[in-house]
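Proteins come first, then strands; the chains are lettered A, B, ... in the order of their sequence lines, and each starts at number 1.
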Amino acid sequence: MTNRDLIRAFKLAAQLLELHDENPFKIRAYEGTANALDQLNFQVADMDRTGLPDRTGLSKSAAARVAELLDTGSFDELTRLLAITPPGVVELLNIKGIGPKKIRQLWREAGIESPEQLREAAEQDQISKLKGFGKKTQDLILAALEFTSQSKGKLLFPQAEALATDLQARLREALRTEQVAVAGELRRCLETIETIVLVAATSTPDRGHDALDALEGLAAEPAQCGVYCWRGTTTESGVKVEVHFVTKENFTNQLFLLTGNEAHLTEALPSAMPGQPATLRQVVKKERFYQEEAIYEKVGLQYVVPELREGRGELTLAKEQKIPRLLEDTDLRGSLHNHSNHSDGAHTLRQMAEWLRDHQYQYLGICDHSQAAHYANGLSPERVRQQQQEIDQLNQELAPFRIFKGIECDILSDGALDYTPDVLSSFDFVVTSVHSNLRMDERKATERMLRAIENPYCTMLGHPTGRLLLRREGYPLDFKAIIDACAKHGVIIEINANPWRLDLDWRWVRYALDQGVRLSINPDAHHTDGYADMRYGVLMGRKGMLTPDMTFNALSVEEVAAYFAERKANIKPPLEYKKSLFE
DNA sequence: TGTCTAAAGACACTTGTGGATGCCCACAA
């Protein structure tokens with residue numbers, strides 16, 4: 001059981017207490033425990049139970065509940081609360097936009113006990129008639145239900161990858177072959193995965209079937225299966241699994257056919273002569289290959305890596321040998337946009353810096369939350385000053401490693417930044433992000449963001465849409481206008497590498513590059529473990545053909561320092577920005 | 001629930017915002 005699981009349990013208990021209208025202070029206490037656990041920089045499960053309160057700073061009874069969770073998977077109060085709540089009502093807690101109080105009312109007054117019943121009632125216009133609800137809330141509920149149902153049966157890339165790796169290992173063992181490969185969406189590194197596709201070379205597919213049928217957590221769908229194909233779903237997430245059994249000789253051809261999307265495989269080949277195969281699929285149907293490179297070579301194309309096989313113009317570029325050398329993990333020289341325990345991170349500045357230094361990176365950009373983000377312990381100007389002093393000291397000690405003074409500055413509702421210019425000018429760089437008022441329409445959201453981009457102190461745009469994949473839709477934006485403005489004002493755009501975000505969406509990367517906008521792979525790490533997410537950002541960049549020379553944090557520490565210094569030197573504060581005319 | 005000051009009982013809520021509804025609920029990390 002990870003800290004995440006513990007946090008989830010305490011949050012659930014708090015929500016259930018609220019649902020049952022219990023003591024508000026008790027609710028607070030449970031939320032407090034969840035928050036306290038969130039701040040820890042070690043896994044509670046690894047610790048000696050008797051030392052829990054001392055090491056975690058939790059109260060005795062909270063620590064006892066944590067111990068109970070670790071031992072039994074639940075605690076008394078949580079078990080009691082779950083027992084008196086219909087499972088469907090617990091499910092309602094996952095719907096964005098309605099909280100425990102509204103759910104209590106839906107349950108007690110309208111007898112709604114599941115998302116399905118809620119949908120029916122909303123569709124029949126019954127919800128809008130309840131006290132405290134109206135037409136808008138009803139529409140919001142329907143939209144949230146729709147989003148939740150669309151997210152069903154899908155996994156984030158890392159979750160799907162872990163599952164696929166496990167399946168791959170099991171199949172390798174069962175079939176006694178190394179030739180088991182991941183194909184499909186996962187091999188193309190899509191941000192969310194609906195079907196996990198594997199290809200296995202074997203002359204005994206029945207053994208593969210037996211192995212898969214015997215796996216716990218996997219349910220076969222016999223109607224969809226054949227001798228050479230096993231299909232089913234994972235019981236926990238509902239994500240589909242598809243395993244294709246092929247002969248050794250057909251392995252490469254099948255892997256190829258099961259990797260590229262339909263558009264990639266059926267796009268007319270730029271060089272096709274009459275009588276020759278007209279598409280990549282036809283090429284592979286006609287001839288047997290042992291290397292994917294040979295397939296492209298056969299038709300005079302540059303090799304196309306799997307993550308580019310989306311049918312978005314890559315074949316035309318391949319024809320002209322114009323697919324660039326794509327960004328790789330090892331190109332990154334530093335990590336910008338990370339948090340420390342000054343705001344809501346788990347590690348100290350020193351820990352965040354030393355981790356990067358010890359892993360051969362040259363610099364850290366620290367971007368704690370700005371003052372408006374109270375919920376995340378955002379920094380007041382005074383605390384900004386203290387943090388910057390600490391950074392100065394650390395920089396002396398850790399040189400040539402360098403910590404850049406940054407901030408994740410909230411973009412307020414009207415597009416203004418969250419500090420006065422004199423505070424903003426104290427940073428080396430400023431990442432601007434939206435964290436509040438996420439339900440704007442496209443016009444308003446775009447105007448708000450444009451105003452932030454035009455602000456001379458804005459160095460970089462953070463997670464542009466605010467989306468949380470499978471959990472929350474981002475606000476709509478006119479991306480073209482946003483990217484054009486970034487080009488005009490020299491603003492870098494982040495690819496937030498947190499697997500929940502992956503925002504800027506990779507589908508806009510090429511447009512940004514074409515406008516000359518540089519991108520930065522930012523993990524938004526709140527913990528040293530979070531740095532590992534940079535890998536997902538690199539994958540998204542690659543899907544958009546991001547090159548090392550257009551990646552801001554592929555620059556060396558000297559280049560980054562020079563860039564920040566020059567940009568700052570060019571800021572001419574407008575008259576009204578000055579604190580006093582007599583300065 | 002948990003902590004504090006005083007020995008059982010008082011007192012404490014990240015916070016600010018927006019939006020929908022009829023005065024409060026949900027959300028941001």
Side-chain angles (χ1 to χ4, degrees), chain A residues 4 7 10-11 13-15 17-19 21-39 53 57-65 75-78 92-106 127-141 144 337-346 367-380 383 408-414 416 418 433-441 444-445 448 462-463 465-468 471-475 496 498 500-501 524-527 530:
Chain A
R4 267 297 116 221
I7 291 164
F10 280 101
K11 280 193 176 159
Q15 284 183 307
L17 285 170
E18 198 167 359
L19 180 72
D21 205 11
E22 299 207 25
N23 183 344
F25 293 113
K26 196 169 167 181
I27 298 169
R28 266 283 105 85
Y30 278 61
E31 284 170 350
T33 305
N35 282 336
L37 287 167
D38 204 17
Q39 302 300 311
L58 296 174
S59 68
K60 254 190 230 141
S61 49
R65 263 176 227 111
F75 56 87
D76 264 358
E77 181 91 27
L78 180 59
L92 292 176
L93 291 167
N94 295 322
I95 297 165
K96 282 262 163 201
I98 49 170
K101 294 211 175 94
K102 287 238 153 87
I103 293 170
R104 186 203 304 155
Q105 207 187 335
L106 289 167
I127 301 299
S128 67
K129 298 189 178 91
L130 291 170
K131 187 172 149 46
F133 290 74
K135 183 90 178 63
K136 292 219 173 182
T137 306
Q138 182 172 274
D139 291 346
L140 188 80
I141 287 173
H337 188 174
N338 301 289
H339 297 262
S340 74
N341 61 1
H342 281 257
S343 65
D344 61 345
C367 295
D368 276 310
H369 286 280
S370 63
Q371 53 190 351
H374 291 280
Y375 51 84
N377 193 20
L379 271 53
S380 65
R383 289 178 58 218
E408 182 177 18
C409 183
D410 268 38
I411 301 173
L412 306 178
S413 287
D414 62 355
D418 190 23
S433 312
V434 166
H435 289 113
S436 56
N437 197 0
L438 303 180
R439 270 197 242 136
M440 283 186 180
D441 60 40
K444 275 194 180 161
R448 172 196 204 180
H463 49 67
T465 73
R467 73 180 182 186
L468 293 177
R471 261 204 302 204
R472 172 176 89 201
E473 221 153 356
Y475 34 84
N496 190 297
N498 184 310
W500 284 102
R501 295 192 183 269
D524 201 352
H526 286 69
H527 189 289

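Stacking is found between A:F25 and the pyrimidine-like six-membered ring of the B:dA12 base under the 5.5 Å centre-distance and 30° plane-angle cut-offs.
Here A:H339 lies out of heavy-atom contact (under 4.0 Å) with every strand. If you check every strand for non-hydrogen atoms under 4.0 Å, A:D410 touches nothing. Within 4.0 Å of A:L140, counting heavy atoms only, lies no atom of the nucleic acid at all. Residue contacts shown for A:D38 are absent, as no nucleic acid heavy atom lies under 4.0 Å away. Using a 4.0 Å heavy-atom criterion, one finds that A:I27 contacts no nucleic acid atom at all. In this structure, A:S413 reaches the sugar-phosphate backbone alone: every heavy-atom distance under 4.0 Å involves primed, P, OP1 or OP2 atoms, never a base. A:A62 comes within 4.0 angstrom of the backbone, heavy atoms only, and of no base. Within 4.0 Å of A:R104, counting heavy atoms only, lies no atom of the nucleic acid at all. As judged by a 4.0 angstrom heavy-atom cut-off over every strand, A:G97 is placed among residues touching the sugar-phosphate backbone only.
For the pair A:K96 and A:K131, both in contact range of DNA chain B, the more 5′-proximal nearest nucleotide belongs to A:K131. Comparing A:M440 and A:S436 by the nucleotide of DNA chain B whose heavy atom lies nearest to each, the residue mapping closer to the 5' end is A:M440.
In this structure, A:K129 places its NZ atom where more than 12 heavy-atom neighbours from other residues, nucleotides or ligands lie under 6.0 Å away. The neighbour count for A:D76 CG, taken as heavy atoms of other residues, nucleotides or ligands under 6.0 Å away, does not exceed 12. By the neighbour-count criterion of 12 heavy atoms within 6.0 Å, atom NZ of A:K11 is sparsely surrounded, having that number or fewer from other residues, nucleotides or ligands.
When the P atom is used for both B:dT5 and B:dG16, the distance is 27 Å, rounded to whole Å. Atom name C1', nucleotides B:dA10 and B:dC24: the rounded distance is 28 Å, in whole Å. One C1' atom belongs to B:dA20, the other to B:dT14, and the distance between them is 24 Å to the nearest Å. B:dC23 and B:dG18 are spaced 14 Å apart, taking the C1' atom of each and rounding to whole Å. Using atom P as the reference point in both B:dC25 and B:dA29, the two lie 22 Å apart (nearest Å). The separation of B:dC13 from B:dA8, taken at their P atoms, amounts to 26 Å, rounded to a whole angstrom. The gap from the C1' atom of B:dT21 to that of B:dG9 amounts to 39 Å, rounded to the nearest Å.
Looking at A:L140 and A:R439, their side chains come closer than 4.5 Å, going by heavy atoms from C-beta outward.
In this structure, CD in A:E473 is found 11.5 Å from CG in A:L468, a value given to the nearest 0.5 Å. The OG atom of A:S370 sits 4.0 Å away from the CG atom of A:D410 when rounded to the nearest 0.5 Å.
Distances were taken from every side-chain heavy atom of A:H435 (C-beta onward) to each of B:dA26, B:dA28, B:dG18; the shortest belongs to B:dA28. Counting only heavy atoms from C-beta on, A:R501 has its side chain closest to B:dA29 among B:dT1, B:dA29, B:dA28. Nearest to the side-chain atoms of A:A376 among the listed nucleotides B:dA26, B:dA29, B:dG18 stands B:dA29. Closest contact between the side chain of A:R472 and the listed nucleotides B:dT14, B:dC27, B:dC25 involves B:dC27.
Among the duplex regions that DNA chain B forms, those built from at least three successive Watson-Crick or G-U pairs under 3.5 Å are B:1-5 with B:8-12, B:15-19 with B:24-28, ordered by first number.
In this structure, A:N35 atom CG and B:dT15 atom P are separated by 13 Å, rounded to whole Å.
Of all the heavy atoms in A:L58 and A:A63, the pair that sits closest is CB-N, 4.3 Å. For the pair A:N437 and A:R448, the tightest heavy-atom approach, listed with the atom from each and the gap, is O-NH1, 3.2 Å.
Judged as a side chain to side chain donor-acceptor pair (under 3.5 Å), and not counting sequence neighbours, the contacts of A:N377 are A:R383.
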